[in-house]
J.: 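A single structure is presented below for examination.
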There are 6 protein chains.
Amino acid sequence: MSEPIFDTILITGAAGNLGTELRRGLAPLARRLRLNDREEIADLKDNEEAVICDLSDEAAVIAMCEGVDAIVHFGGAPVEKPWQEILDSSIRGSYHVYEGARKHGVRRVVYASSVHAIGFHTLESNIDARSPQRPDTLYGVSKCFVENLSSLYWDKFGIESVMVRIFSSFPEPADRRHLWSWLSFDDLNRLVTAALTAPRVGHTIVFGTSDNAIVPLDNRLAGHLGFHPQDNTEPYRAAVETRTPVPDPHDPTVARYGGAFVTYPHPDDDGTA
Amino acid sequence: MSEPIFDTILITGAAGNLGTELRRGLAPLARRLRLNDREEIADLKDNEEAVICDLSDEAAVIAMCEGVDAIVHFGGAPVEKPWQEILDSSIRGSYHVYEGARKHGVRRVVYASSVHAIGFHTLESNIDARSPQRPDTLYGVSKCFVENLSSLYWDKFGIESVMVRIFSSFPEPADRRHLWSWLSFDDLNRLVTAALTAPRVGHTIVFGTSDNAIVPLDNRLAGHLGFHPQDNTEPYRAAVETRTPVPDPHDPTVARYGGAFVTYPHPDDDGTA
Amino acid sequence: MSEPIFDTILITGAAGNLGTELRRGLAPLARRLRLNDREEIADLKDNEEAVICDLSDEAAVIAMCEGVDAIVHFGGAPVEKPWQEILDSSIRGSYHVYEGARKHGVRRVVYASSVHAIGFHTLESNIDARSPQRPDTLYGVSKCFVENLSSLYWDKFGIESVMVRIFSSFPEPADRRHLWSWLSFDDLNRLVTAALTAPRVGHTIVFGTSDNAIVPLDNRLAGHLGFHPQDNTEPYRAAVETRTPVPDPHDPTVARYGGAFVTYPHPDDDGTA
Amino acid sequence: MSEPIFDTILITGAAGNLGTELRRGLAPLARRLRLNDREEIADLKDNEEAVICDLSDEAAVIAMCEGVDAIVHFGGAPVEKPWQEILDSSIRGSYHVYEGARKHGVRRVVYASSVHAIGFHTLESNIDARSPQRPDTLYGVSKCFVENLSSLYWDKFGIESVMVRIFSSFPEPADRRHLWSWLSFDDLNRLVTAALTAPRVGHTIVFGTSDNAIVPLDNRLAGHLGFHPQDNTEPYRAAVETRTPVPDPHDPTVARYGGAFVTYPHPDDDGTA
Amino acid sequence: MSEPIFDTILITGAAGNLGTELRRGLAPLARRLRLNDREEIADLKDNEEAVICDLSDEAAVIAMCEGVDAIVHFGGAPVEKPWQEILDSSIRGSYHVYEGARKHGVRRVVYASSVHAIGFHTLESNIDARSPQRPDTLYGVSKCFVENLSSLYWDKFGIESVMVRIFSSFPEPADRRHLWSWLSFDDLNRLVTAALTAPRVGHTIVFGTSDNAIVPLDNRLAGHLGFHPQDNTEPYRAAVETRTPVPDPHDPTVARYGGAFVTYPHPDDDGTA
Amino acid sequence: MSEPIFDTILITGAAGNLGTELRRGLAPLARRLRLNDREEIADLKDNEEAVICDLSDEAAVIAMCEGVDAIVHFGGAPVEKPWQEILDSSIRGSYHVYEGARKHGVRRVVYASSVHAIGFHTLESNIDARSPQRPDTLYGVSKCFVENLSSLYWDKFGIESVMVRIFSSFPEPADRRHLWSWLSFDDLNRLVTAALTAPRVGHTIVFGTSDNAIVPLDNRLAGHLGFHPQDNTEPYRAAVETRTPVPDPHDPTVARYGGAFVTYPHPDDDGTA
């Protein structure tokens, strides 16, 4: 694919950790990357342009979708947050993104959904994309919201979407859970690239982990994407196992996909009465 | 059951059409019905008390859950509405209701979900409670939101919920679609009563129609509720068929559960540029 | 439904046992019944007109579909027959019927499929409409052929079809197998009426038995038809059981849906070396 | 069925509560009932003969199967017991019964399996016969053992079996759980009669409850038996609800099919260190 | 496997593109390849013998099955054709082949079924072998016919069959669809070899594509064949993508397995009124 | 994993063929291997200690579980045996092992279940871990017993278990069936290691074969174990095929997973009248 297949891809959350990796990984796919974040974006390259606005700003978000072929929507709260922040950035913000897509004729959206949309399932259930959602946090509920919102925009407005349920995407696996949940940055880029370039996605849900020894889930319903992870956590295993204790399988943070999120207290109880 | 089994049931949306019916139907279950609406509630009876507030008023909503044993949450937008209204009344409002339940130890919630949470499925698919959500409107998306939110509050906080996917609950069936989708007011009360009194519900999804000749869905996963509708649309069939044309099965409003909602334009496009 | 909802219904196989019953049962649905058979049809009534032709006569079959709103296709070989007869009457004949429907804009076809399309399944499998076909004879293979042909005409040409897998439709149950497989003539008419009048059928498969004590199958995927059989074999049980021996459950004709058909020798071996 | 269809039916556990009811209910099916128990059997009727032996007595058990057409195997430990007793009466005893069936050519066995073979599933799972076993006691494990043993005797030796997972069969419902789990004695006899007389059962699992308002399970895979319960618990509801407290849905004995069995301590810990 | 495991394999359609490849690939499996086509077969080798006849010639087809151990049935119409040709070559012809197998005791048949037997499913459905047939053409209907006919010959006459649903088998991938649908000639031979040599196939359905990046289907139900494709389309991707436009995922020929076939007009409408 | 993660692992059946291999393979996982068998264990190494007792000796078995972190339970009858031996070694013995685990707080058990727990399924069914058990022998019934017993000990007592359904674990594949059923000793050790070290197993069923060309089953529900076999039977194929005849797919020992076990006569009939 020497020629970029898109003219302009919009990346939201482009200043975040994953957004920064996507700038690198998706560059070959488009003549131009339009980068959105509410914070400044460092080191813009020639093929990049920045739009700085909060996703809660409906008019700005809709405006920035003009001329866009595809959206890689990674903005919004990156972890559990108080309700108002989840509401503004992830729920309202994602609505604005889909409205932007609808009003400007964007054809496909790739969304950073999360393991936390299904975090209360146990590992041994080895769920697939038809298993019911079971969010573990308000953050997870907001991911489910976008999964359903995008379903509407596909059924009614013909906008294709891929919901990428990212497990744990970090530079390196940091703990025992990451040994199975890790998605390397390169595999993240492989997955988003597959989601953007597959000939037909309709409304697709896909799980995002690397090719780890343990993959406690079933991605067979995403065969039409052609995602083939190439990294795995074996090179990190010895170090992680040396510095972390053997997990207790009865601990819900070990037993369930969502890890520590499944025992988080309610975020609006933090620090206040 | 001569003795009421609840002390106080809170009904939201109590001034609405369905809420009014629930006041009648649920009276035997509780010593007191606490009735919430943003509009005045007419003709309060001795066993009733009113709390007038908008569901978007977080503090008021949480406060009114104090001393409540169970919530019958029928408030929020009753049909498709512009996003801001859906957001305030159905999404934010429902969050406030579940927060009220959590903070005041309410044990069970019965929620007026809707056929529009699964409106894009075709009739011949005869879906069951494990079939994926396919909302047909922003209204439907908000119903899905509460279905997922309540899943979190069950898994994490132990609050049981029954999601009643009401099809068409009106005094009489008004059109051909209602001949299969109608839920009589008495059957609505039977269903909510079953949902409130079943020994164990966890997080349950149930479809709400009467015992009509055509029931294009499969309620076998709600056997633990013990809902047995006793009405049906046959007495109304001749009149309805006389005054309405034979439907076109290729028309999406005939082919899909959601009826006219599946072809509604986007609500935020109404009346404005 | 005082007014007929169809102008003209075409019934093929109208001189057969079931066709004769359908003339009676479907009369209220249409202003005119067009009756086709290769044999003369007795006692034409005022609302009936006859077209005498063999289903293998492509031009005649296509011509007789002109002006038809719906087809009730019960023609073709009624039991296992040599291949050439199955081919001409059931395979070629049904193709001609669907071509007639396509060329003359007929909107819906109700087809007499058969238990013999799934005859090799065992009773205890309690199959549903998604279970694979397992024909027990060339006759059953021809039923499968029409089930697949009609699938094409639905997907590609928008012609709705209901495949009625008739089990055993006779005046009375004649043997032990009929005690569970019998479909009374009145229930047959109820089923075909439901298939013709349901608002939406797409491509539907439904099993046809009466409301017998034993119903070894699962019709839950036909809820959108609204078929409710009202007869059953209990009134005949004592007489049947008195004159017939207790069946051997290891006998394949007892164990499998298809009854005696599952052990029929190949029809082209009959009478020749 | 004026004529009995069996010559001799052997009933094990015939002196027990259910056995006594079966003597009454199955009498019309056979010329002779051979009654087995380890205790004396009172009031033998003309059509009855008694064989008193313990099921752990292999030779005696095998001998008593001679000349038997069908076995209704209700013997063995009736509730949770220490391992040695479960082993002797339910595991070894049932092996002896199946060996008797094999050596004497008995064609069909109806076995008193139990809700405790699947007692750890939650009510809202509405399981069917294909759901995995989840025993709640050693008693339940022994029921699973016979379900598997009988599977072998069907696949290998052609002996048909019906595993009747009895929920709660008592003269009257005694507590809140019984309101959904009760199987009346008459319905028990209807179910065993259906299991004995159905034309083909192979290896069948069926759940046994009456036609109660709440039936938290799915018996659709037993359609070939033709079991139609006619009793229900509504006549007893008011009395039961008056004298028993509202159940806590978080209590595992409420949440799971097995009731109190799911929290029983290990039986071998009773009374000893 | 230095020794051929078959004495004689009959290949129908042996003069076709795929037949020619099979001559090469299957040579090691048999002492003799009997090659059938209605056209002359070029360059017969020492291990080959030719039988030239049309599949519609029943007597000739049956005769040529004498002394055959296995049949690789690739004859019949290779693409959509007018009904008469489909009927004669694919429906009648395949019946003749199966009759030849039955009359001459052939033990196994491998049949060239097609993606067009399931062409109307969408790519994102990732179907498996239990998904319902959905033919996209008369050609596809004829493939379904043979799938059902062979089911009968297995259940009734014990003839094993493997239905190979070939996607796109050409020398090279020619277009964007081929990038996922291509089956290389070598992989075709691997698949047919696996189907011929697997210890047990009963009646098996398998999908035939190479090990392409995108495989939008699920072959897990063919594990007993041991088919492991070794080619893929990556070497051809750049060239194909350079010379062909990006596909429109809303175009049914992109969205559905069958490609262009799903929008073909009816073949009997071609060229005539 | 330079550090052993367990202090003491108990291996039952340690003098058997597989036990001997496990001593080698599991040594790196634990500081000490406690080896149990009823026969003397040869060549004890420094990290090994022996406990010689019969599994039917309840007190001895319970005692030997003291101080144990995990049990690898490979003891009991290794093939079909008379009932008394199955009962004593596999049923009673396994009960003793689980009681030892319960009384001494052992956290995880890995059990040598067997293909013979599901031996009556046909190869083409490609079963997964949710498919019903179908034992082929008393040996297989005893494997099912432990699968159910361990389910109880997980649900009730929180003891995790992995049921390893070993197919054919021998030094080399010895016959045609082994070409697909073989589990190399190294892969056995990989599988048991995965089962011991996976972070969470709950109650897991996994099939044990090497990475053979034919794998007629579906292990997708064991993704959380991370078992990746690295051996296969291809190096042995030519030799095996040369010295053994082509199998008959109609032979039940070829058609069904259990091989010769499915046609074994009843073991208690051996050698006696």
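Sequence lines set the chain letters: A, B, ... in the order given, protein chains first and strands last, and positions in each chain run from 1.
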J.: Measure C/Val215 against the heavy atoms of chain D and call it side chain, backbone, both or neither at under 4.5 Å.
T.: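 Just the backbone, heavy atoms under 4.5 Å.
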J.: Of the non-hydrogen atoms in D/Gly158 and C/His250, which two are nearest, and what is the gap between them?
T.: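 Shortest heavy-atom separation between D/Gly158 and C/His250 comes out as O-NE2, 2.6 Å.
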J.: Are there more than 12 heavy atoms of other residues, nucleotides or ligands under 6.0 Å from atom CD of D/Glu66?
T.: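 At most 12 heavy atoms, drawn from other residues, nucleotides or ligands, come within 6.0 Å of this atom.
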J.: Is chain D contacted by the side chain of C/Thr122, its backbone, both, or neither, given a heavy-atom distance below 4.5 Å?
T.: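 The answer is the side chain of C/Thr122.
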J.: Which heavy atom of C/Leu123 sits nearest to which heavy atom of D/Arg200, and what is that distance?
T.: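 Heavy-atom minimum between the residues: CB-CG, 4.3 Å.
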J.: Taking side chain as everything from C-beta outward and backbone as N, CA, C, O, which of these in D/Ala222 sits under 4.5 Å from a heavy atom of chain C? Side chain, backbone, both or neither.
T.: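 Contact with chain C involves the backbone of D/Ala222 alone.
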J.: Which bit of D/Leu225 is near chain C, if near means a heavy-atom gap under 4.5 Å: side chain, backbone, both or neither?
T.: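 The backbone, not the side chain.
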J.: Answer yes or no: are there more than 12 heavy-atom neighbours, outside D/Asn47 itself, under 6.0 Å from its atom CG?
T.: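 Result for CG/D/Asn47: enclosed.
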J.: Measure C/Arg177 against the heavy atoms of chain D and call it side chain, backbone, both or neither at under 4.5 Å.
T.: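 When you check distances to chain D, no heavy atom of C/Arg177 falls under 4.5 Å.
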J.: Specify the closest pair of heavy atoms between C/Asn126 and D/Leu221, including all atoms of both residues, with the distance to one decimal.
T.: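 Minimum heavy-atom contact is ND2-O, 2.8 Å.
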J.: So, taking the atom named CD in C/Glu124 and the one named NE2 in D/His203, what distance separates them when rounded to the nearest 0.5 Å?
T.: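 It comes to 11.0 Å.
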J.: Using 0.5 Å steps for rounding, measure from the CG atom of D/Asp218 to the CG atom of C/Asp218.
T.: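 Atom-to-atom, D/Asp218:CG and C/Asp218:CG are 8.0 Å apart.
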J.: Would you find more than 12 non-hydrogen atoms of other residues, nucleotides or ligands less than 6.0 Å from D/Arg130 atom CZ?
T.: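 No.
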J.: Heavy-atom pairs under 4.5 Å with chain D: which of C/Pro247, C/Ser125, C/Ala213 has the most?
T.: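 The residue among C/Pro247, C/Ser125, C/Ala213 with the greatest pair count is C/Ala213.
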J.: Could you pull out the closest heavy-atom pair between D/Pro199 and C/Pro249, with the gap in Å?
T.: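 In this case the closest contact between D/Pro199 and C/Pro249 is O-CB, 3.3 Å.
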J.: At what distance, to the nearest 0.5 angstrom, does NE2 of D/His228 lie from CD1 of C/Ile214?
T.: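 Those atoms lie 8.0 Å apart.
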